[in-house]
Amino acid sequence: KKSDPVKTGKFGIGFCSVYNITDTPFIVSGNQIQLLDPIEKTDTVKGLKSDPGAFWLLSEAPDDLLSLFHGFQGFQTSMEEFQGTIMRFPLRTEKSLIR
């Protein structure tokens with residue numbers, strides 16, 4: 001990685017380290033929202049069932065999902081595109097199945 005200027009990270013863990021604190025990271029960027037749920041546990045949003053890498057266009061995402069971000073860094077539930085990136089890491093309240 002050191003010799004390749006387009007590579008990021010140094011020790012090989014990178015984004016996977018978020019699974020030390022959460023089972024379901026969310027990412028809002030551009031016109032999409034993504035839920036990463038490798039153990040398909042999603043109970044963060046009532047009635048939402050995801051697959052391991054579910055994503056929605058902001059214009060089509062469930063209102064309950066969008067409301068998690070409303071008001072943060074100027075995000076509005078009616079937006080079709082967000083200028084920036086928001087990452088949400090709901091803290092785990094019980095032991096994880098992710099190792």
Side-chain angles (χ1 to χ4, degrees):
K1 287 185 175 181
K2 288 181 182 180
S3 63
D4 189 344
V6 292
K7 296 284 185 181
T8 60
K10 185 175 181 181
F11 300 107
I13 294 177
F15 186 81
C16 289
S17 65
V18 303
Y19 292 109
N20 288 315
I21 60 169
T22 188
D23 289 333
T24 54
F26 293 84
I27 303 168
V28 173
S29 190
N31 68 345
Q32 296 183 359
I33 185 167
Q34 184 167 18
L35 166 59
L36 302 174
D37 187 7
I39 57 174
E40 298 183 44
K41 175 188 175 177
T42 304
D43 58 2
T44 305
V45 179
K46 186 177 181 180
L48 178 66
K49 180 66 178 146
S50 78
D51 59 42
F55 77 92
W56 300 263
L57 295 175
L58 291 179
S59 60
E60 299 172 0
D63 289 337
D64 286 350
L65 180 58
L66 294 174
S67 68
L68 294 172
F69 300 92
H70 185 76
F72 186 77
Q73 296 293 313
F75 183 86
Q76 301 295 315
T77 55
S78 60
M79 288 181 154
E80 291 192 12
E81 186 156 345
F82 180 70
Q83 297 299 315
T85 299
I86 301 172
M87 295 185 179
R88 181 175 187 269
F89 307 128
L91 299 178
R92 186 179 300 119
T93 57
E94 57 192 44
K95 188 174 180 175
S96 176
L97 297 174
I98 299 174
R99 304 217 181 241

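Small disclaimer: the values here were computed from a predicted structure and weren't measured. Nothing fancy with the numbering, it's 1 onward along the sequence.
- To the nearest 0.5 Å, the span separating CG on Leu68 from CD1 on Ile33 amounts to 7.0 Å.
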Under 3.5 Å, which donor-acceptor pairs do the side chains of residues 69-87 form with other protein atoms, sequence neighbours left out?
unit_1 : atom_1 : unit_2 : atom_2 : d
His70  : ND1    : Thr77  : N      : 3.3
Thr85  : OG1    : Ser29  : OG     : 2.9

key: CA sep, side-chain torsions, deciding dist, call: Phe55, Ile27, side chain to side chain contact (heavy atoms under 4.5 Å, CB included)   = CA-CA 9 Å; Phe55 77 92; Ile27 303 168; over 6 Å; no
Under 3.5 Å donor-acceptor pairs involving side-chain atoms of residues 13-22, not counting sequence neighbours:
unit_1 : atom_1 : unit_2 : atom_2 : d
Ser17  : OG     : Gly14  : O      : 2.9
Asn20  : ND2    : Ser17  : O      : 3.1
Thr22  : OG1    : Thr24  : N      : 3.2
Thr22  : OG1    : Pro90  : O      : 2.6

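- For the atom pair Arg92 CZ and Asp23 CG, the distance stands at 4.5 Å (nearest 0.5 Å).
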key: Worked check of side chain to side chain contact (heavy atoms under 4.5 Å, CB included) between Leu58 and Gln32   = CA-CA 5 Å; Leu58 291 179; Gln32 296 183 359; 5.9 Å; no
